[in-house]
Each structure stands twice: as structure tokens, then as C-alpha cells.
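One structure below.
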There are 2 protein chains.
Amino acid sequence: MAHRDDSVETIQLEMTAFARRARASAARMHPELSLVSYTLLAHLDDQQGCRATDLAAHYLLDKSTVSRQIAALENLGFVERRIDPDDHRVQVLHPTDKGAQVLANVTASRRQAFRERLADWNEDDLDRFATYLQRYNAAQERHG
Amino acid sequence: MAHRDDSVETIQLEMTAFARRARASAARMHPELSLVSYTLLAHLDDQQGCRATDLAAHYLLDKSTVSRQIAALENLGFVERRIDPDDHRVQVLHPTDKGAQVLANVTASRRQAFRERLADWNEDDLDRFATYLQRYNAAQERHG
DNA sequence: CATCAACGTCGCACTACACAACTAGATCTA
DNA sequence: TAGATCTAGTTGTGTAGTGCGACGTTGATG
């Protein structure tokens with residue numbers, strides 16, 4: 001069991017080390033779109049629009065937090081709200097053309113940075129690493 | 001190249017997904033010791049004491065941030081400062097017995113949560129995952 | 001119709017963080 | 001050795017992200 005615990009310990013430490021830096025790094029790379037904003041905007045783009053409540057549920061954020069993030073994105077002209085005709089309480093959120101454009105730029109430059117960071121990894125290792133991360137995060141969603 | 005880019009994309013998304021949740025999760029699990037405090041205290045424990053400047057350099061934090069975190073840990077009685085007799089500017093930071101005790105508790109419960117999350121992983125996968133994370137974070141440190 | 005639930009916003013408080021100005025101690029140089 | 005310079009750490013200030021609770025609006029249910 002000793003070895004297993006060592007691995008678990010390392011994963012814990014390295015994941016938290018990553019977490020500590022990700023936000024700062026994202027902010028440095030893209031002052032115009034924070035990590036959270038980027039993630040929410042990407043989700044809207046991916047889902048072809050969704051509700052604030054859905055975003056909150058998906059990312060385990062308080063609805064007030066999402067509300068403010070969306071308000072900021074709207075002020076920047078990156079997101080637009082469309083009142084749902086069937087339920088006037090809900091707003092369906094969509095990226096604007098401008099928002100989609102900025103998102104594409106940020107995504108490209110993020111991907112480039114990651115590509116450089118992972119340049120000396122071979123295909124198989126990359127693939128396995130990606131799979132492990134997905135598996136890990138799926139487990140986290142299940143266990144909280 | 002398509003497959004390689006897919007993996008890179010997945011790693012990017014999953015790592016940021018993790019980053020988004022880690023802090024909140026840590027705060028929920030251990031109100032008495034934030035993710036940052038925990039990390040700094042763990043480092044002190046691991047290193048048998050070190051300077052604030054070392055912590056800042058190691059974790060890419062501003063010295064003011066570390067200064068305040070350490071001040072908070074000292075207020076809680078988890079850390080003590082020992083003026084370096086050779087250089088009166090520097091304070092060597094050490095966990096107190098109480099701090100070491102709390103750290104041990106938090107570490108144990110964090111490890112337990114991780115262990116549950118990773119319960120259905122076999123030894124080899126755990127080991128490889130841990131290695132990938134270390135390699136990835138080392139690369140991040142080099143490339144910013 | 002009355003009540004309850006859901007959606008979103010706002011006020012408030014708190015934490016984490018960076019930058020810059022500052023104090024105090026150490027080191028280098030002329 | 002006096003003054004400039006460098007280093008360690010603190011403090012003031014400002015910003016961003018977040019949760020909680022209260023609220024107004026709207027839909028659903030008895």
C-alpha cells in the first residue's frame with residue numbers, strides 16, 4: 001500500500017500545484033479574458049447557448065457568481081442574452097460574433113502555449129495523460 | 001498532428017477544469033487551512049523550515065502575499081519565526097507542534113478523499129499519472 | 001386565487017493576489 | 001569608513017473571484 005499512497009500523494013500535490021498557478025498564468029496570458037470568463041464563454045460556444053443556472057450547476061459555482069461573470073462578459077460585448085419566450089424568467093445566453101472571435105483567439109494562443117509546454121512528449125504519453133485527466137476529473141465530479 | 005492536438009486540447013481543458021474546482025473544494029473540506037496556507041505549511045514541514053522569499057520563489061507568489069499568509073499562520077499559532085543569527089533580515093520559518101499536528105490531520109483527510117477518488121485505479125495507472133503530472137508541472141515551471 | 005418554487009440580481013463580507021512604497025539590515029565601492 | 005546599492009520582509013492600496021442571504025419577477029401547483 002506504501003507505493004500506492006506515494007502516487008496518491010504526488011497526484012494530490014501536483015494537482016494542487018497546478019491549481020495554484022493556473023489562474024495567475026491565465027490572467028498573465030489573457031488579461032482580456034480570465035480563466036473563469038474563458039471557461040464560461042467556451043461552454044456557451046460549445047453548447048450553442050445555455051442558461052446561467054446551467055453554467056452554475058456545471059461548474060459548481062454560485063448563481064450570483066455566474067450572474068456577475070455573465071454581466072461582465074455582456075459589458076465587454078462578448079455575450080448576449082435572449083429571453084426565453086416560453087419562460088420569461090430564463091435568459092438563454094449566447095456568445096456574440098465578437099465574443100466567439102475573442103474566444104477563438106484565446107483558445108488558439110492557449111493551445112499554442114500548451115503545445116510548446118508538451119512539445120517533447122510523445123504521442124502515446126500525451127494520449128495516456130489526457131485519458132488519466134479525464135478519468136480523474138470524472139471521478140471528482142462523482143465524489144465531490 | 002490531429003490526434004496530438006486533440007490530446008493537448010483535452011489536457012488543457014481538464015487541467016483548467018480541475019483548477020476551477022480545487023480551491024473551492026479545499027475551502028469546503030478544510031475551512032481552517034486554505035489551499036495556499038496548507039501548501040505553504042506543508043512546504044515548511046517538508047523542508048524543515050525555510051525563508052519567506054524561498055516560498056515566494058517556489059510557488060511563484062508575490063512576497064507580500066507570502067508575508068500575509070505567514071502572518072495569518074503565525075496568528076493561528078501554526079508557524080513560528082526564528083531570526084537568522086547570521087543575517088538579521090531573514091526569518092527562518094518553522095511549523096509549530098500545533099501547526100504540524102493540524103497539517104497532519106488535513107493531510108490525512110485530503111489523502112483519504114483522494115484515495116477514495118482514485119480507489120478504482122490500479123497501481124500502474126496511478127504511478128504513470130503521478131509521473132505525468134510531475135513532468136507536466138516541471139515543464140510549466142520552465143516555460144512559465 | 002394563494003402559495004410555493006425557480007431564475008436571476010444585488011448588497012455585503014471575505015479571501016487571494018499583485019504592485020509599489022517603505023523600513024531595516026547587509027554588502028559593495030571609492 | 002561613508003555612501004550607494006542590494007536584499008528581506010511589511011504595509012497600503014486596488015482588483016478579482018466567490019458565497020450567502022435578501023429580494024423582485026415569473027411560472028407551477030394546490
Side-chain angles (χ1 to χ4, degrees), chain A residues 16-17 19-41 44 49-76 79-93 144, chain B residues 16 19-41 44 49-76 79-94 144:
Chain A
T16 52
R20 243 181 299 106
R21 294 180 195 143
R23 195 178 300 256
S25 165
R28 243 178 292 121
M29 279 169 56
H30 304 290
E32 78 278 18
L33 210 54
S34 77
L35 187 59
V36 183
S37 307
Y38 169 79
T39 306
L40 297 184
L41 189 54
L44 292 184
C50 72
R51 302 177 305 163
T53 301
D54 297 336
L55 290 175
H58 193 261
Y59 294 117
L60 305 179
L61 292 169
D62 192 81
K63 58 185 179 166
S64 65
T65 299
V66 173
S67 173
R68 275 180 263 265
Q69 291 288 339
I70 294 300
L73 286 171
E74 190 188 26
N75 278 338
L76 291 167
V79 158
E80 67 178 19
R81 308 164 189 256
R82 302 181 193 157
I83 302 290
D84 184 335
D86 295 343
D87 184 340
H88 285 203
R89 290 172 305 180
V90 323
Q91 311 166 358
V92 183
L93 307 168
Chain B
T16 52
R20 243 181 299 107
R21 294 179 197 146
R23 196 176 300 259
S25 165
R28 242 176 294 124
M29 279 168 57
H30 304 290
E32 78 278 18
L33 209 55
S34 77
L35 186 59
V36 183
S37 307
Y38 168 79
T39 306
L40 297 184
L41 189 55
L44 292 184
C50 74
R51 302 177 306 163
T53 301
D54 298 335
L55 291 174
H58 193 261
Y59 293 116
L60 305 179
L61 291 169
D62 192 81
K63 58 184 179 168
S64 66
T65 300
V66 173
S67 173
R68 274 180 257 263
Q69 292 287 340
I70 294 299
L73 286 172
E74 190 188 27
N75 277 338
L76 291 168
V79 158
E80 66 178 18
R81 308 163 190 257
R82 302 180 194 159
I83 302 290
D84 184 336
D86 295 342
D87 184 341
H88 287 202
R89 291 170 306 177
V90 324
Q91 310 166 357
V92 183
L93 307 169
H94 291 268

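Naming: A, B, ... by sequence-line order, numbering from 1 per chain. Source: prediction; values computed, not measured.
Of the candidate nucleotides dA8(D), dT18(D), dT9(C), dT9(C) has the atom nearest to the side chain of K63(A). Residue V36(B) has its side chain nearest to dA16(C) when only dC7(C), dA26(C), dA16(C) are considered. Distance from the side chain of Q69(A) is smallest for dT18(D) among the nucleotides dG27(D), dC7(C), dT18(D). If you check dG12(D), dC20(D), dA16(C) against the side chain of S64(A), the one that comes closest is dC20(D). Minimum atom distance to the side chain of R51(B) is reached by dG9(D), of the listed dG9(D), dA26(C), dC7(C). Comparing dA8(D), dG17(D), dG8(C) by their closest approach to the side chain of Q91(A) singles out dG8(C). Comparing dG8(C), dT18(D), dG27(D) against the side chain of R68(A) picks out dT18(D) as the nearest.
Position along DNA chain D of the nearest nucleotide to D84(A) versus V90(B) favours V90(B) as the more 5'-ward residue. Nucleotides of DNA chain D nearest to H88(A) and D62(A) differ in position, and the one nearer the 5' end is that of D62(A).
Side-chain nitrogen and oxygen atoms of S67(B) include none within less than 4.0 Å of the OP1 or OP2 phosphate oxygen of dG9(D). OP1 or OP2 of dG19(D) has at least one side-chain nitrogen or oxygen of T65(A) nearer than 4.0 Å. Proximity of T53(B) to the phosphate of dT7(D): no side-chain N or O atom is located under 4.0 Å from OP1 or OP2. Taking only side-chain nitrogens and oxygens, R81(A) comes nearer than 4.0 Å to OP1 or OP2 of dT9(C).
Within the 4.5 Å cutoff, side-chain heavy atoms of I70(A) are placed close to those of R81(A). Between L93(A) and L73(A) there is no side-chain heavy-atom pair separated by less than 4.5 Å. Residues V90(B) and T53(B) fail the side-chain proximity criterion, which asks for heavy atoms closer than 4.5 Å. Residues V79(A) and L41(A) have side chains in contact (heavy-atom distance under 4.5 Å, counting atoms from C-beta outward).
Heavy atoms only, all atoms of each residue included: A52(B) and V66(B) are closest at O-CG1, 3.7 Å. Between D86(A) and D84(A), the closest heavy-atom pair is N-OD1, 2.7 Å.
Evaluation of atom-type donor-acceptor distances gives no pair under 3.5 Å for the side chain of R89(A) against the base of dT25(D).
Here the P atom of nucleotide dA16(D) and the CG atom of L73(A) are 13 Å apart, to the nearest Å. If you take CG of L60(A) and P of dC20(D), they are 12 Å apart, rounded to a whole angstrom. Nucleotide dT10(D) holds its C1' atom 13 Å from the CD1 atom of I83(B), rounded to whole Å. The CG atom of L61(A) sits 12 Å away from the P atom of dC20(D) (whole-angstrom rounding). In this structure, CG of D87(B) is placed 8 Å from C1' of dT7(D), rounded to the nearest angstrom. Per the geometry, CG belonging to L55(A) stands 15 Å off P belonging to dG17(D), to the nearest Å. When rounded to the nearest whole Å, the span between CG of D86(B) and C1' of dT27(C) equals 15 Å. In this structure, CD1 of I70(A) is placed 15 Å from C1' of dT18(D), rounded to the nearest angstrom.
Within the helix from dC1(C)-dG30(D) to dA30(C)-dT1(D), the inter-axis angle between the opening and closing five-pair segments is 10°, rounded to 10°.
Judged by distance alone, the side chain of T39(A) and the main-chain N or O of L35(A) form a donor-acceptor pair under 3.5 Å.
Taking CG from L40(B) and SG from C50(B), the interatomic distance works out to 8.5 Å, rounded to the nearest 0.5 Å.
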